[in-house]
Chemist: 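Below you'll find the structure I mean.
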Amino acid sequence: MRILVVGGSGLIGAHVVDVLRERGHAATTVARTARAGVDHLLDVESAPIDELRALLAGHDGVVYATRTDEQRPLPKPIYPTFRRDNVDPVVRLFTAARLEGLTRGVVMGSYYTYFDRLHPQWRLAERHTYIRCRLEQAREGRAAAGEGLPVAVLELPFVFGRAGDRLPNWAGPLDRWARSRTPLVAPTGGSAAASARSVADVAVDALEQASGADIPVADENLTWHDMIARIAGAVGRRRRVARMPSGAARAGLRLGGALQALGRKESGVNPSYLADLLLADLFIEPTSGRPLEPALRETFPSGAA
């Protein structure tokens with residue numbers, strides 16, 4: 001196969017390129033900024049369909065591996081911005097892919113869509129703009145692709161790993177916290193987690209099978225306490241992780257939501273309802289069974305300053 005990887009310079013995109021080439025496929029990369037390994041410079045979020053068609057010509061499939069920071073506060077209303085960043089580019093990309101005759105695609109999504117299916121009573125799309133847009137991204141992207149172009153959506157949890165100097169965007173603050181003298185505390189609940197390499201393997205499997213499924217991806221399920229303790233251990237600071245009372249976590253997040261509202265701002269995941277997610281077991285079953293530890297230690301190396 002010949003596959004175009006949009007976001008090929010990012011953590012997950014770089015691993016997808018590696019796995020494609022290891023399996024004997026050809027990979028072309030596109031990104032917004034120039035760096036080693038990028039074949040084409042293009043802002044896919046704003047590119048018109050004709051320009052995307054020229055980029056996709058001659059390919060069998062496409063992987064969309066860019067993401068939006070769901071926690072950044074923006075002036076109200078945020079829905080138009082999140083739709084422009086998450087939904088519209090995917091619709092244009094898969095419209096162009098269908099017109100060029102591509103036969104397979106993958107979108108890197110979020111495990112929140114998995115939990116929306118699993119727990120409709122949580123009203124995730126109603127309460128969180130980011131999750132609403134992730135659902136629209138999958139639905140409208142597939143509609144644009146049509147029946148002849150199956151699109152798999154990988155529903156991703158916390159992703160650990162490294163690709164050169166590329167790390168998860170949330171790793172920096174956690175790394176500094178784990179190395180500091182600030183007390184380590186964790187609420188109840190937890191999250192699924194996966195390595196970038198595992199995500200890439202699943203993505204290439206989906207391309208080879210021309211899958212159009214929703215595919216939740218997880219290597220391990222970790223409580224927040226275990227995750228923070230393992231991060232601290234990876235950086236060489238084996239410290240006690242205290243338990244945060246659930247009431248304190250809820251109160252702090254409600255306060256954050258109230259302060260955002262006073263500033264007439266919103267974030268993609270609404271802090272006022274975030275406790276319902278944070279304190280839940282956001283676990284995916286079954287897991288791959290692969291050990292997460294190597295990717296965790298790549299993300300949080302012991303010798304870093």
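Values below: every heavy atom of this structure, side chains too, minus hydrogens, waters and symmetry copies.
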Chemist: Could you tell me whether the side chain of Arg83 reaches within less than 4.5 Å of the side chain of Asp88, counting heavy atoms only?
Modeler: yes
Chemist: Are there over 12 heavy-atom neighbours, none belonging to Glu285, within less than 6.0 Å of that residue's CD?
Modeler: yes
Chemist: Check which hydrophobic residues are tied to Leu99 through side-chain heavy-atom contacts below 4.5 Å, counting indirect links as well, and list them.
Modeler: Ile49
Chemist: Quick test of your reading: applying ring pair (Phe, Tyr, Trp, His ring centres under 6.0 Å), list the pairs with at least one residue in residues 198-238, sequence neighbours left out, ordered by first then second residue.
Modeler: Phe158-Trp224
Chemist: With clusters built from Ile, Leu, Val, Met, Phe, Trp and Tyr whose side-chain heavy atoms come within less than 4.5 Å, directly or transitively, what are the remaining members of the cluster of Tyr79, listed by chain and number?
Modeler: none
Chemist: Using the rule given for salt bridge (charged side-chain N to carboxylate O under 4.0 Å, His left out), can you reason through Arg35 versus Asp165, listing the C-alpha separation, both sets of side-chain angles and the distance that settles it, and then say yes or no?
Modeler: CA-CA 11 Å; Arg35 64 188 308 161; Asp165 62 350; 2.5 Å; yes
Chemist: Indicate the atoms forming the closest heavy-atom contact of His15 with Arg162, along with that distance.
Modeler: NE2-O, 3.0 Å
Chemist: Which hydrophobic side chains are connected to Leu41, either touching it within the sub-4.5 Å cutoff or through other members that do?
Modeler: Val38
Chemist: Would you name the heavy atoms of Ala31 and Ser9 that are closest together and state the gap between them?
Modeler: CB-OG, 3.4 Å
Chemist: May I ask you to say whether Arg134 pairs ionically with Glu155, meaning some side-chain N is under 4.0 Å from a carboxylate O?
Modeler: no
Chemist: Among Arg250, Arg123, His119, find the residue that satisfies the side chain to side chain donor-acceptor pair (under 3.5 Å) test when tested with Asp276.
Modeler: Arg250
Chemist: Using side-chain heavy atoms (C-beta onward) and a distance below 4.5 Å, is Leu74 in contact with Lys265?
Modeler: no
Chemist: So, for Val235 and Arg179, which heavy atoms are closest and what is the spacing to 0.1 Å?
Modeler: CG1-NH2, 3.4 Å
Chemist: Please report the interatomic distance OH(Tyr130) to OH(Tyr112), rounded to the nearest 0.5 Å.
Modeler: 7.5 Å
Chemist: Less than 4.5 Å apart, any side-chain heavy atom of Val16 and any of Met108?
Modeler: yes
Chemist: Can you list the residues that meet the salt bridge (Lys or Arg N to Asp or Glu O under 4.0 Å) rule with Arg139, with sequence neighbours excluded?
Modeler: none
Chemist: Could you go through Ser198 and Ser195, starting from their C-alpha distance and side-chain angles, then the distance that decides it, and tell me whether this counts as side-chain hydrogen bond (donor to acceptor under 3.5 Å, both in side chains)?
Modeler: CA-CA 5 Å; Ser198 288; Ser195 72; 3.1 Å; yes
Chemist: Test of understanding: with side chain to side chain contact (heavy atoms under 4.5 Å, CB included), list the residues that count as partners of Ala232, not counting sequence neighbours.
Modeler: Leu184
Chemist: Sequence neighbours left out, what pairs pass side chain to side chain donor-acceptor pair (under 3.5 Å) with at least one residue falling in residues 254-264?
Modeler: Gln260-Ser267
Chemist: Counting distance only, does the side-chain N/O of Arg92 pair as donor-acceptor with the main-chain N or O of Glu45 below 3.5 Å?
Modeler: yes
Chemist: Only pairs at least two apart or in different chains count here, so list each side chain to side chain donor-acceptor pair (under 3.5 Å) that has a residue in residues 96-108.
Modeler: Arg53-Glu100
Chemist: Of all heavy-atom pairs between Ile131 and Ala125, which one has the smallest distance, and what is that distance?
Modeler: CG2-N, 4.3 Å
Chemist: Taking atom CG of Leu20 and atom CE of Met1, what is their separation to the nearest 0.5 Å?
Modeler: 6.0 Å
Chemist: With sequence neighbours excluded, what pairs up with Arg243 under the salt bridge (Lys or Arg N to Asp or Glu O under 4.0 Å) test?
Modeler: none
Chemist: Evaluate the criterion ring pair (Phe, Tyr, Trp, His ring centres under 6.0 Å) for residue pair Phe160 and Trp170; output intermediate values, then yes/no.
Modeler: CA-CA 10 Å; Phe160 289 81; Trp170 45 264; 5.0 Å; yes
Chemist: Not counting sequence neighbours, which residues clear salt bridge (Lys or Arg N to Asp or Glu O under 4.0 Å) with Arg230? List them please.
Modeler: Glu220, Glu293
Chemist: Compare every heavy atom of Leu149 with every heavy atom of Gly105, then report the nearest pair and how far apart it is.
Modeler: N-CD1, 4.0 Å
Chemist: Any carboxylate oxygen within less than 4.0 angstrom of a Lys/Arg side-chain nitrogen, looking at Asp116 and Arg132?
Modeler: no
Chemist: Check Val241 against Ala186 and note the closest heavy-atom contact, atom names and distance.
Modeler: CG1-CB, 3.8 Å
Chemist: Only pairs at least two apart or in different chains count here, so list each salt bridge (charged side-chain N to carboxylate O under 4.0 Å, His left out) that has a residue in residues 185-198.
Modeler: Glu22-Arg197, Arg197-Asp201
Chemist: Verify, without hydrogens or angle tests, whether Thr29 (side chain) and Asp39 (backbone) share a donor-acceptor contact under 3.5 angstrom.
Modeler: yes
Chemist: Would you call Asp205 and Arg23 a salt bridge, using N to O less than 4.0 angstrom?
Modeler: yes
Chemist: Just wondering, do Leu278 and Pro187 contact through their side chains at under 4.5 Å, heavy atoms?
Modeler: yes
Chemist: Does Glu266 have any salt bridge (Lys or Arg N to Asp or Glu O under 4.0 Å) partners at least two apart in sequence or in another chain, and if so, which?
Modeler: none
